[in-house]
Amino acid sequence: MSKPIYILNGPNLNRLGTREPDIYGRTTLTEVEAMCRDAASGQDIIFRQSNREYEIIDWVHEAIDEGDGIIINPAAFTFTSMAIMDALKMFPGPIIELHISNIHRREPIYHKSYMSPVVTAVVAGLGTEGYPIAVRAMINMIAKAATNA
Ligand code: DHK
């Protein structure tokens with residue numbers, strides 16, 4: 001029985017759709033969640049957002065026990081949180097770090113991610129379309145891991 005994919009979103013992403021639309025687009029986070037559920041085609045998804053660092057850490061811990069994969073957009077915590085990095089290090093399954101914008105083409109403060117060294121893959125710059133693309137990639141990685149197990 002496959003376990004859910006956790007899709008975790010960091011600070012300010014609750015304002016997606018109105019927040020800096022020239023960078024993040026006009027699609028809302030609720031619409032992004034629907035796009036992920038469509039792409040998952042029946043695979044269980046847990047989709048959450050928080051502006052609190054400790055809450056994201058608690059959800060990574062929950063995923064360690066209850067999940068098969070993590071897709072995480074840590075937003076600004078990407079560049080500040082060793083705590084979230086340390087939590088992700090404990091996760092035994094595949095992890096995709098996701099950014100709506102291409103962080104490497106932005107100001108230097110957006111270039112050094114604490115997460116990239118501990119994740120399986122990074123998706124950046126595909127806009128909100130990056131989410132369903134990451135979901136399909138995650139389902140393939142979980143299926144591959146299951147056949148190799
Ligand atoms: C979202 C944010 O909130 C920024 O702090 C990151 C990321 C980029 C994104 O592109 O999804 O730098």
Side-chain angles (χ1 to χ4, degrees), residues 3-64 66-91 93-144:
K3 295 190 278 185
I5 294 170
Y6 280 68
I7 304 179
L8 306 178
N9 296 280
N12 304 305
L13 289 169
N14 53 311
R15 311 294 296 189
L16 207 56
T18 55
R19 173 200 179 197
E20 299 180 90
D22 53 331
I23 297 173
Y24 302 108
R26 294 203 174 281
T27 305
T28 66
L29 197 62
T30 305
E31 290 163 339
V32 168
E33 179 175 357
M35 291 155 67
C36 292
R37 294 192 185 285
D38 288 353
S41 52
Q43 158 75 44
D44 198 5
I45 294 270
I46 292 182
F47 191 98
R48 298 185 182 150
Q49 184 279 333
S50 178
N51 298 326
R52 304 169 194 81
E53 185 178 22
Y54 74 83
E55 210 162 24
I56 291 169
I57 293 164
D58 289 347
W59 293 339
V60 172
H61 292 174
E62 183 187 315
I64 290 167
E66 315 288 334
D68 267 348
I70 296 176
I71 296 170
I72 183 165
N73 183 344
F77 289 149
T78 304
F79 319 102
T80 60
S81 183
M82 290 183 64
I84 293 174
M85 175 190 76
D86 285 344
L88 291 172
K89 271 196 233 173
M90 295 185 277
F91 185 72
I95 304 170
I96 297 176
E97 172 190 352
L98 186 148
H99 302 285
I100 296 165
S101 66
N102 177 354
I103 56 175
H104 304 291
R105 210 168 66 178
R106 299 180 63 182
E107 304 91 308
I109 52 168
Y110 294 111
H111 294 175
K112 181 175 173 345
S113 164
Y114 276 103
M115 313 305 157
S116 299
V118 303
V119 302
T120 315
V122 179
V123 172
L126 298 178
T128 49
E129 270 312 308
Y131 281 87
I133 289 167
V135 168
R136 286 189 285 273
M138 179 59 75
I139 290 171
N140 292 341
M141 286 198 276
I142 291 168
K144 212 173 275 159

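No experiment lies behind these values; they were computed from the predicted model shown.
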> What is the distance from atom CG of Asp68 to atom CG of Asp44, rounded to the nearest 0.5 Å?
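Going from the CG atom of Asp68 to the CG atom of Asp44 covers 10.0 Å.
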
> Roughly how far, to the nearest 0.5 Å, is the CE atom of Met85 from the CE atom of Met90?
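Output value for this atom pair is 11.0 Å.
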
> Measuring from Gln43:CD to Arg37:CZ, what's the distance to the nearest 0.5 Å?
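These two atoms lie 11.0 Å from each other.
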
> Can a side-chain donor-acceptor contact be found between Tyr6 and Glu62 if the only test is distance below 3.5 angstrom?
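A donor-acceptor contact under 3.5 Å links the two side chains.
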
> More than 12 non-hydrogen atoms from neighbouring residues, nucleotides or ligands closer than 6.0 Å to CZ on Arg106, yes or no?
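Yes - once you tally the heavy atoms of other residues, nucleotides and ligands closer than 6.0 Å, there are more than 12.
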
> Please lay out, stage by stage, how Gln49 and Asn51 fare under the test side-chain hydrogen bond (donor to acceptor under 3.5 Å, both in side chains).
CA-CA 7 Å; Gln49 184 279 333; Asn51 298 326; 2.8 Å; yes

> Please report the closest heavy-atom contact between Cys36 and Ile45, naming both atoms and the distance.
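Shortest heavy-atom separation between Cys36 and Ile45 comes out as O-CD1, 4.4 Å.
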
> Rounded to the nearest 0.5 Å, what separates atom OG1 in Thr28 from atom CZ in Arg15?
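Reported to 0.5 Å precision, the distance equals 12.5 Å.
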
> I need the Asn73 CG to Ile71 CD1 distance, nearest 0.5 Å.
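Atom-to-atom, Asn73:CG and Ile71:CD1 are 11.0 Å apart.
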
> What are the two closest heavy atoms between Ala137 and Ile96, and how far apart are they?
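So the two residues come closest at CB-CD1, 4.2 Å.
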
> Applying ring-ring contact (aromatic ring centres under 6.0 Å, His included), which residue pairs with at least one partner in residues 107-133 are found, sequence neighbours left out?
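As it turns out, the ring-ring contact (aromatic ring centres under 6.0 Å, His included) pairs with a partner in residues 107-133, which skip direct neighbours, are Phe79-Tyr110.
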
> Whether the side chain of Thr120 engages the backbone of Ile95 through a donor-acceptor N/O pair (distance < 3.5 Å, no angle test) should be reported.
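Confirmed, Thr120 side chain pairs with Ile95 backbone.
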
> Is there a donor-acceptor pair closer than 3.5 Å between any side-chain N or O of Glu33 and the backbone N or O of Phe47?
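No, the answer is negative, given that no donor and acceptor are paired below the 3.5 Å cut-off.
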
> Would you say CZ of Arg48 has more than 12 non-hydrogen atoms from neighbouring residues, nucleotides or ligands within 6.0 angstrom?
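Enclosed.
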
> Please name the pair of heavy atoms, one in Ala39 and one in Ile139, separated by the smallest distance, quoted to 0.1 Å.
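Taking every non-hydrogen atom into account, O-CD1, 4.1 Å.
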
> If you take all heavy atoms of Pro11 and Ala76, which pair is closest and at what distance?
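Residues Pro11 and Ala76, closest heavy atoms: CG-N, 4.2 Å.
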
> In Å and rounded to the nearest 0.5 Å, what is the CD1 to CD1 distance from Ile70 to Ile5?
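Output value for this atom pair is 11.0 Å.
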
> Less than 4.5 Å apart, any side-chain heavy atom of Leu98 and any of Ile7?
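No, every pair of side-chain atoms sits at 4.5 Å or beyond.
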
> So, for Ile56 and Leu8, which heavy atoms are closest and what is the spacing to 0.1 Å?
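Scanning both residues, the minimum pair turns out to be O-CD1, 4.5 Å.
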
> Under 4.5 Å between any side-chain heavy atoms of Ile84 and Ile57, yes or no?
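Ile84 reaches Ile57 side chain to side chain.
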
